Amino acid sequence: MGAREIIAHMESLQNEEQRRILMGFFKTGPGEYGEGDEFLGLKVPQTREVVRMACADYALSEVPELLMNRWHEVRLCGLLILVAKFEKLAAKRLESDAEAISRRDEIVTMYLQYAGQANNWDLVDLSVPKILGHWLMLPTMLGPDGRVGQHKDYKLRVLDGLACPGSSYSGGAGLWKQRMSMVCTWKTSQMGDPSWCLRYAEIHLHHPHDLMHKAVGWMLREMGKRCSMELLREFLRQHAHEMPRTMLRYAIEKMTETERKEWMSIPLEGKWR
């Protein structure tokens, strides 16, 4: 099944009632964060079923046609195909395999090249931790010398490029690229490294958009749960007074009611007051 067959199949499943619901849920109206996004009206399990049907022998070269498609669900299908391919190549026995490393790097390169097509929060959240986030913790040949290594400095430049508008790497990161830089840390925290979450939570601490407030708080909560609640508390001791309240509420969600009340009682200073 090639890209055209996948697109035709997904278009045949179009559901007008569900399409209207999704267009409202993902804020596609004028001036909203998803303005202009177009939906077929498919539920995520339907898209995942298409991925299962296609993925075994689906050529990586066909994925860009899906990623560039007008339909939200078709773009999601392309992203989930990349996820499935990356996860297969990231199996424990293949982590240091040279061919697997090269093929993972090819997927990461494609993901970054088409990052702008992941232009709503679900497209980001369902793909970035399992591709970019996992890559951060694996050997790579992407780096200054092309040799296999962790190349953390290079990886930091990649994420900084997504996080920081006007950087040379991203060509001007928008909201969704910035969300990528934060949400990819879900995987690094799952794998026991809190440093990525703490770095990008601090970078995005004063981001103006509510979707980033939720993302930062969510990732801090996951970092605390997976790595260290004391690290989370230390971050809060430094920054709770300047954190948007939505961000703070998300970050402390797994704490006791008594502790949550203590953190929420801290006076808010600066622009969010």
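Predicted model, so just to flag it, every value in this text is computed and none were measured.
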Any non-hydrogen side-chain atom of [X] less than 4.5 Å from a side-chain atom of [Y]?
{"X": "Leu159", "Y": "Leu132", "result": "yes"}
{"X": "Asp160", "Y": "Arg199", "result": "yes"}
{"X": "Pro129", "Y": "Val183", "result": "yes"}
{"X": "Lys85", "Y": "Lys88", "result": "no"}
{"X": "Leu82", "Y": "Tyr114", "result": "no"}
{"X": "Arg226", "Y": "Cys197", "result": "no"}
{"X": "Ile131", "Y": "Trp135", "result": "no"}
{"X": "Leu79", "Y": "Leu126", "result": "no"}

Roughly how far, to the nearest 0.5 Å, is the [atom2] atom of [Y] from the [atom1] atom of [X]?
{"X": "Met182", "Y": "Met219", "atom1": "CE", "atom2": "CE", "result": "7.0 Å"}
{"X": "Trp121", "Y": "Leu211", "atom1": "CH2", "atom2": "CG", "result": "9.0 Å"}
{"X": "Glu253", "Y": "Leu248", "atom1": "CD", "atom2": "CG", "result": "11.5 Å"}
{"X": "Leu76", "Y": "Leu42", "atom1": "CG", "atom2": "CG", "result": "9.5 Å"}
{"X": "Leu236", "Y": "Leu231", "atom1": "CG", "atom2": "CG", "result": "11.0 Å"}
{"X": "Met110", "Y": "Ile107", "atom1": "CE", "atom2": "CD1", "result": "8.5 Å"}

*asked:* Show, in sequence, the C-alpha distance, side-chain angles and deciding distance for His134 and Arg104, and conclude whether the side-chain contact (heavy atoms from CB on, under 4.5 Å) test is met.
replied: CA-CA 10 Å; His134 202 167; Arg104 289 197 305 259; over 6 Å; no

*asked:* With clusters defined by side-chain heavy atoms of hydrophobic residues (ILVMFWY) lying less than 4.5 Å apart, directly or transitively, does Leu94 cluster with Leu60?
replied: no

*Can you hop from Val128 to Tyr154 via hydrophobic side chains spaced under 4.5 Å?*
yes

*asked:* Test side-chain contact (heavy atoms from CB on, under 4.5 Å) on Leu220 and Met243; report intermediate values, then the result.
replied: CA-CA 12 Å; Leu220 284 168; Met243 293 171 70; 4.0 Å; yes

_Does Met68 have more than 12 heavy atoms from other residues, nucleotides or ligands lying within 6.0 Å of its CE?_
no

*asked:* More than 12 heavy atoms of other residues, nucleotides or ligands under 6.0 Å from CD of Glu106: yes or no?
replied: no

*Does any donor atom in the side chain of Asp105 or Thr140 lie under 3.5 Å from an acceptor atom in the other side chain?*
yes

What pairs of residues pass the salt bridge (charged side-chain N to carboxylate O under 4.0 Å, His left out) test when at least one of them lies in [range], not counting sequence neighbours?
{"range": "residues 118-138", "result": "Asp125-Arg179"}
{"range": "residues 12-29", "result": "Glu16-Arg19, Glu16-Arg20"}
{"range": "residues 205-216", "result": "Asp210-Lys214"}
{"range": "residues 38-48", "result": "Glu38-Arg70"}

For [X], check ring-ring contact (aromatic ring centres under 6.0 Å, His included) against everything at least two apart and list the hits.
{"X": "Trp176", "result": "Tyr33"}
{"X": "Phe39", "result": "Phe26, His72"}
{"X": "Trp263", "result": "none"}

*Should the pair Tyr200 and His204 be assigned to parallel (<30°), tilted (30 to 60°) or perpendicular (>60°) ring geometry?*
tilted

*Evaluation steps, side-chain contact (heavy atoms from CB on, under 4.5 Å), between Asn119 and Arg75*: CA-CA 9 Å; Asn119 60 346; Arg75 298 197 303 282; 2.8 Å; yes

Hey, is the main chain of [Y] close enough, under 3.5 Å, to the side chain of [X] for a donor-acceptor pair?
{"X": "Glu87", "Y": "Ala84", "value": "no"}
{"X": "Glu234", "Y": "Glu230", "value": "no"}
{"X": "Glu32", "Y": "Gly29", "value": "yes"}

*Partners of His9 by side chain to side chain donor-acceptor pair (under 3.5 Å), sequence neighbours excluded?*
none

*Output, in order, the C-alpha distance, side-chain angles, deciding distance and verdict of side-chain contact (heavy atoms from CB on, under 4.5 Å) for Asp193 and Met191.*
CA-CA 6 Å; Asp193 185 347; Met191 297 179 74; over 6 Å; no

Considering residues at least two apart in sequence or located in another chain, which fulfil the side chain to side chain contact (heavy atoms under 4.5 Å, CB included) criterion with [X]?
{"X": "Thr109", "result": "Leu142"}
{"X": "Asn69", "result": "Ile7, Trp71, Val74"}
{"X": "Ser265", "result": "none"}

*From CA spacing to verdict: salt bridge (Lys or Arg N to Asp or Glu O under 4.0 Å), Arg260, Glu257*: CA-CA 5 Å; Arg260 292 198 306 271; Glu257 182 179 358; 5.0 Å; no

What side-chain donor-acceptor pairs closer than 3.5 Å can you find for residues 143-151, not counting sequence neighbours?
| residue | atom | partner | partner atom | Å |
| --- | --- | --- | --- | --- |
| Asp145 | OD1 | Arg147 | N | 3.0 |
| Gln150 | OE1 | Lys155 | NZ | 3.4 |
| His151 | NE2 | Arg147 | O | 2.6 |

